[in-house]
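Here is the structure we will look at, set down as structure tokens.
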Amino acid sequence: MNFAKQLINWYTDNKRDLPWRNTTNPYYIWLSEIILQQTQVVQGLPYYNAFTTNFPTVFDLANADEQEVLKLWQGLGYYSRARNLHASAKYIVNELEGRFPDTFNEIIKLKGVGDYTASAIASICFNHVTAVVDGNVYRALSRVYGIYTPINTGKGFKEFKALAQQLIDKKEPATFNQAIMEFGARLCKPKNPDCDNCPFNTKCIALSKAVITDLPVKIKSVKVTKKYYNFIIILSKDGNTILEQRTGNGIWQNLYQFPLLETDKDASFSEIVKQIKLINYLKDQSIEVSLYNEKAVIHKLSHQHLYTKFWIVTLDSALPKGIALDKITDYPVPILIGNFIEKFNF
DNA sequence: AAGACGGGGGG
DNA sequence: CCCCCAGTCTT
């Protein structure tokens with residue numbers, strides 16, 4: 001038995017009774033699909049009931065005020081869905097005389113309707129053979145077929161779309177699409193999938209290799225934060241400077257660096273001078289400050305970009321607790337500091 | 001290709 | 001706290 005038949009058999013035995021499964025009216029299916037974008041069934045269900053009750057037809061929705069629509073959407077999140085829903089209802093009524101578009105290419109023109117939603121409506125309402133690809137499909141197919149292509153890339157989408165399109169039951173596209181989503185939502189769940197009762201547990205590649213929890217693969221974008229580092233290079237009269245050892249759990253643990261002033265944005269000359277004068281061992285001393293690099297050096301780490309400036313402070317007195325300049329290379333330093341030391345050529 | 005957009009639930 | 005959810009639109 002092929003994938004589609006097994007899947008549909010499972011679905012027939014396990015599907016939930018949901019209101020949008022008792023209709024093929026495109027207005028209701030559209031409503032349900034928009035509501036269910038990035039939203040679990042239990043959360044969307046009351047909203048579906050409210051919308052179908054308050055706006056039984058696309059004309060009722062189109063004639064409503066946006067405020068009324070948003071009020072009904074309140075609490076569901078992703079409010080652009082409600083605004084787009086309303087705009088598309090007006091478009092259907094005013095431009096299409098109330099007739100819902102009946103092909104994928106026309107349906108996807110509606111605001112708020114992308115590939116997934118257009119495929120769902122085209123298949124469920126018009127029996128078009130257009131496979132849906134949503135979070136459930138990614139999960140189910142990546143596991144059963146052992147696909148490691150990251151799902152949140154253009155390449156990943158194309159690959160899963162093509163596979164789903166190849167697997168879809170050409171006679172029952174609507175049932176297949178709903179079945180694979182129900183399967184992903186109820187059995188092949190993100191955590192603790194019910195592999196014991198899975199119709200594919202003899203062929204599932206992820207199960208046989210025990211890599212269920214590795215799939216699907218998703219590239220997580222590391223959030224890069226900007227930081228503004230000002231290193232203070234002290235040149236004392238007796239040829240010393242200051243290096244400090246970093247502590248704590250952050251970057252460069254236990255390495256050495258020049259005294260650091262971190263600011264929340266690119267700081268002005270006067271602001272830095274002010275802060276330098278607050279440093280303990282420089283208080284009430286005669287100093288002269290110059291900025292070594294007008295343009296910040298951008299040091300890129302995986303999760304942060306360091307906008308770095310080096311400030312030269314000439315101290316007109318001795319610094320007995322400092323380290324000798326000719327010993328500076330004895331200390332382990334981050335490459336950012338190392339590059340500066342090399343360039344500055346003490 | 002990467003971010004923004006939300007609120008709820010599971011582990 | 002992190003991940004995920006019947007995704008789409010905008011940089």
Side-chain angles (χ1 to χ4, degrees), chain A residues 7 11 14-16 18-21 23-24 26 28-48 51 70 72-88 104 107-125 130-143 149-158 160-161 164 168 173-194 212-226 302-303 305:
Chain A
L7 181 66
Y11 178 64
N14 294 281
K15 68 177 177 182
R16 288 168 287 184
L18 299 169
W20 49 86
R21 290 197 173 141
T23 180
T24 57
Y28 290 118
I29 298 300
W30 172 52
L31 220 39
S32 73
E33 293 301 343
I34 300 297
I35 288 171
L36 292 171
Q37 286 168 5
Q38 293 290 283
T39 304
Q40 302 194 135
V41 166
V42 286
Q43 192 189 358
L45 192 50
Y47 288 84
Y48 176 82
F51 268 82
L70 284 170
L72 214 52
W73 199 272
Q74 185 176 292
L76 193 56
Y78 283 139
Y79 296 92
S80 63
R81 290 185 292 174
R83 295 191 298 272
N84 287 334
L85 188 73
H86 188 221
S88 292
F104 176 93
I107 296 168
I108 204 172
K109 288 178 184 168
L110 300 176
K111 280 186 185 175
V113 172
D115 188 278
Y116 161 76
T117 304
S119 300
I121 297 172
S123 62
I124 295 171
C125 304
T130 50
V132 294
V133 176
D134 72 339
N136 295 304
V137 176
Y138 282 127
R139 192 166 53 253
L141 295 185
S142 67
R143 287 174 175 173
T149 312
I151 61 173
N152 53 344
T153 60
K155 185 167 180 281
F157 171 76
K158 283 181 191 160
F160 283 93
K161 178 85 180 179
I168 192 171
T175 308
F176 178 92
N177 277 341
Q178 295 185 77
I180 195 168
M181 292 190 284
E182 187 81 342
F183 175 75
R186 308 256 292 168
L187 193 153
C188 200
K189 298 172 290 182
K191 303 272 174 67
N192 305 115
D194 186 12
I212 292 278
T213 53
D214 296 342
L215 293 170
V217 174
K218 189 184 241 174
I219 296 173
K220 41 181 169 291
S221 59
V222 275
K223 198 184 142 202
V224 178
T225 54
K226 290 183 181 176
S302 60
H303 56 297
H305 288 179

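Reminder, nothing fancy here: chain letters follow the sequence lines and each chain counts from 1. Side-chain atoms are counted along with the backbone in the values below, which use heavy atoms only and exclude waters and symmetry mates.
- Within 4.0 Å (heavy atoms only), A:Arg83 reaches no atom of the nucleic acid at all.
- A:Asn136 has its CG atom 7 Å from the P atom of C:dC5, to the nearest Å.
- The CZ-P distance, from A:Arg139 to C:dC3, rounds to 15 Å in whole Å.
- Residues from residues 113-123 of chain A that place a heavy atom under 4.0 Å from any atom of DNA chain C, listed by number: A:Val113, A:Gly114, A:Asp115, A:Tyr116, A:Thr117.
- For B:dG6, there is no paired nucleotide, since no Watson-Crick or G-U wobble pair has both relevant distances below 3.5 Å.
- Here C:dG7 is the nucleotide among B:dG9, C:dG7, B:dG10 with the atom lying nearest to any side-chain atom of A:Tyr78.
- Closest approach of A:Thr130 and A:Ser119 over heavy atoms only: OG1-O, 3.1 Å.
- Rounded to whole Å, the C1' atom of B:dG6 lies 15 Å from the corresponding atom of C:dC3.
- Within 4.0 Å of A:Gly184, counting heavy atoms only, lies no atom of the nucleic acid at all.
- Rounded to whole Å, the separation between the P atoms of C:dA6 and B:dG10 comes to 13 Å.
- Atom CG of A:Leu7 and atom C1' of C:dA6 are 15 Å apart (whole Å).
- Here C:dC5 is the nucleotide among C:dC5, B:dG11, C:dA6 with the atom lying nearest to any side-chain atom of A:Gln38.
- Looking at A:Asn136, its side chain does come within 3.5 Å of a backbone N or O of A:Ala185 through a donor-acceptor pair.
- Nucleic acid contact for A:Lys189: none, since no nucleic acid atom lies under 4.0 Å from a heavy atom of the residue.
- Each of A:Thr153 and A:Gly75 was matched to the nucleotide of DNA chain B holding its nearest heavy atom; the match closer to the 5' end belongs to A:Thr153.
- In this structure, A:Trp73 has its ring center no closer than 6.0 Å to that of A:Tyr78.
- Side-chain contact between A:Ile180 and A:Leu7: present, with at least one pair of heavy atoms (C-beta onward) separated by less than 4.5 Å.
- Nearer to the 5' terminus of DNA chain C, by closest-nucleotide assignment, is the contact made by A:Arg21 (compared with the other of A:Gly112 and A:Arg21).
- For the pair A:Lys109 NZ and C:dC9 P, the interatomic distance rounds to 14 Å; values are reported in whole Å.
- Put simply, CG on A:Asn152 is 11 Å from P on B:dG3, counting in whole angstrom units.
- Annotation: side chain of A:Tyr28 is not in contact with side chain of A:Ile124 (no heavy-atom distance under 4.5 Å).
- Residue-level contact check: A:Gly44 touches neither bases nor backbone, having no heavy atom under 4.0 Å from any strand.
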Can you list the steps and then say if A:Glu33 with A:Tyr116 is a side chain to side chain donor-acceptor pair (under 3.5 Å)? CA-CA 9 Å; A:Glu33 293 301 343; A:Tyr116 161 76; 2.6 Å; yes

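- Under the 4.5 Å side-chain criterion, counting only non-hydrogen atoms from C-beta, A:Trp30 is in contact with A:Leu85.
- Heavy atoms of A:Leu76 sit under 4.0 angstrom from at least one base atom.
- Interatomic distance, A:Lys155 NZ to A:Thr149 OG1, rounded to the nearest 0.5 Å: 4.5 Å.
- Set against C:dT8, B:dG6, B:dG11, the side chain of A:Gln37 has C:dT8 as its closest nucleotide.
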Do A:Ile34 and A:Tyr47 pass the side-chain contact (heavy atoms from CB on, under 4.5 Å) test, and can you show the C-alpha distance, the side-chain angles, and the key distance before you say yes or no? CA-CA 11 Å; A:Ile34 300 297; A:Tyr47 288 84; over 6 Å; no

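- Regarding contacts with the backbone of B:dG10, every side-chain N or O of A:Asn192 stays at 4.0 angstrom or more from both OP1 and OP2.
- Spacing of C1' atoms, B:dC5 relative to C:dC4, comes out at 15 Å, to the nearest Å.
- Contact annotation for A:Trp20: base contact, defined as any heavy-atom pair under 4.0 Å involving a base atom.
- Nearest-nucleotide positions on DNA chain B for A:Arg81 and A:Gly154 put A:Gly154 closer to the 5' end.
- Rounded to an integer number of Å, the gap from CG of A:Leu36 to P of C:dC4 is 19 Å.
- If you find the closest nucleotide of DNA chain C to A:Ile108 and to A:Ala185, the one lying nearer the 5' end belongs to A:Ala185.
- Distance, A:Gln40 CD to C:dC5 P: 8 Å, rounded to whole Å.
- If you take CD1 of A:Ile151 and C1' of C:dA6, they are 14 Å apart, rounded to a whole angstrom.
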